[in-house]
There are 2 protein chains.
Amino acid sequence: MSVSSKCYYAIRAIYALAEHTTPEPMKIADIAQKELIPIRFLEVILGQLKGGGFVQSRRGAEGGYRLAKPADQITIGEIMRYVDGPIAPVDCVSQSRPKECAFHGECSFFGFWGRVRQAISDVVDKTTFADLIKENQERKGGYVRDWTI
Amino acid sequence: MSVSSKCYYAIRAIYALAEHTTPEPMKIADIAQKELIPIRFLEVILGQLKGGGFVQSRRGAEGGYRLAKPADQITIGEIMRYVDGPIAPVDCVSQSRPKECAFHGECSFFGFWGRVRQAISDVVDKTTFADLIKENQERKGGYVRDWTI
DNA sequence: CCTATTTCGACTAGAAAAGTCAAGATGGCT
DNA sequence: AGCCATCTTGACTTTTCTAGTCGAAATAGG
């Protein structure tokens, strides 16, 4: 029941990009340093995330990465699914590509595993990176400036 | 985020023993056949479960395994933890043996992973094997005879 | 004593995870 | 145009875990 380190790295990389509000893209080396990710491995991961449409890159000097969409439109669950595959304790209760097990419709555990999967989804699919950033600003600063009118 | 097949086998083995209500112990071969578990692998698993105090064994002819305590006193979560280790998406939020990560108290994800772990625990630690058996009797038979007065 | 059965530890093949590396393509800057 | 920092790609390695397998010993009942 645990997330691969690759997946956690991916999540942290996205988080770093989400916190990086200035317009120029963020360099791989900066992300790696901030989030303590092996730089060569991070290259691989960012390449994958680009393929999934989560980040964009700019080459050349002054190049780097930035988010492809606003942080409040990316959930943690999306990234977990994209990097680690379906979120399901056993294959037969996967939402996206359920796999029939040997017990077909007569499995005594189908309902149970379904409830486990739902419990996880309820957390990870309802949390966006914007939510996390806000949560941490509150925790650190004690308050968050609210710009809404 | 998935359970090892060893762990799922262990859960199914316990379930088979819980359903086996006659007094004599149940043979490994019978459990293996009923739950579709490779018999040699099941030997390994039952040995481990015995070490954890979940099952008892009797050797020799007419030997076999039986539960060490009633089915309503064994939760799925216990078995999962015993076989697969702590139930936690990342090591730092494990209840039993949390492992400090490189970010110490300043981790932006600590709260989030904690909520994920809690969501899972809320399901697996509150479901006993007796609950599962009852659920399946209701599903199959349409009703369950209630022997309580 | 004999036999069925459990028990135990060692062993292994294969896959996946985690990370490394080198060489080439690209784009901004001077 | 030329330089250089940076991204891009794909192959490669190393380590760890998974999912078993196997053989021999111990044991209990008949």
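Throughout, protein chains are lettered first and strands after them, A, B, ... in sequence-line order, and every chain is numbered starting at 1.
Using a distance-only test at 3.5 Å, with no hydrogens or angles considered, no donor-acceptor pair links the side chain of A:Asp72 to the main chain of A:Ala130.
Rounding to whole angstrom units, CD of residue A:Gln33 and P of D:dT6 are separated by 13 Å. For the pair A:Lys50 NZ and D:dT9 P, the interatomic distance rounds to 6 Å; values are reported in whole Å. The interatomic distance linking A:Arg12 (CZ) with C:dA18 (P) rounds to 12 Å, in whole Å. Whole-Å rounding puts the A:Leu42 CG to D:dT6 P distance at 14 Å. Residue A:Ile45 contributes atom CD1, which lies 11 Å from atom C1' of C:dA17 at whole-angstrom precision. Rounded to whole Å, atom P of C:dT5 lies 14 Å from atom CE of B:Met26. Atom-to-atom, CD of B:Glu43 to P of D:dT21 comes out at 10 Å; the value is rounded to the nearest Å. Separating the CD1 atom of B:Ile37 from the C1' atom of D:dT21 is a distance of 16 Å, rounded to the nearest angstrom.
For the residue pair B:Ser94 / B:Asp91, no side-chain donor-acceptor distance below 3.5 Å is found, with atom types taken as modelled.
Residue-level contact check: A:Ile28 touches the backbone only, with heavy atoms under 4.0 Å from sugar-phosphate atoms and none from bases. As judged by a 4.0 angstrom heavy-atom cut-off over every strand, B:Tyr8 is placed among residues making no nucleic acid contact.
Remark: A:Lys140 does not engage A:Glu19 in a salt bridge, criterion side-chain N to carboxylate O under 4.0 Å.
If you check C:dC8, C:dG19, D:dG20 against the side chain of A:Phe41, the one that comes closest is C:dG19. Comparing C:dA4, C:dT6, D:dT21 against the side chain of B:Ala61 picks out C:dA4 as the nearest. Picking from D:dC7, C:dT20, D:dG20 the nucleotide with the shortest atom distance to the side chain of A:Tyr65 gives D:dC7. Comparing C:dT5, D:dG20, D:dC7 by their nearest atom to the side chain of A:Ser57 picks out D:dC7. The side chain of A:Lys27 lies closest to D:dT6 when the candidates are C:dG28, D:dG20, D:dT6. Of all nucleotides listed (D:dT27, D:dT8, D:dT21), D:dT27 comes nearest to the side chain of B:Arg59. The side chain of A:Arg40 approaches C:dA22 more closely than any other nucleotide in the set D:dT21, D:dA19, C:dA22.
Contact annotation: B:Tyr9 reaches the phosphate of D:dG20 (side-chain N/O to OP1 or OP2, under 4.0 Å). At D:dT18, none of the side-chain N or O atoms of B:Ser4 fall inside 4.0 Å of OP1 or OP2 (strictly under the cut-off).
Both A:Arg58 and A:Lys6 sit near DNA chain C, but only A:Lys6 has its closest nucleotide nearer the 5' end.
Distance CG/A:Leu46 to CD1/A:Ile31: 5.0 Å, rounded to 0.5 Å.
Residues B:Leu36 and B:Tyr9 approach most closely at O-CE2, 4.2 Å, considering heavy atoms.
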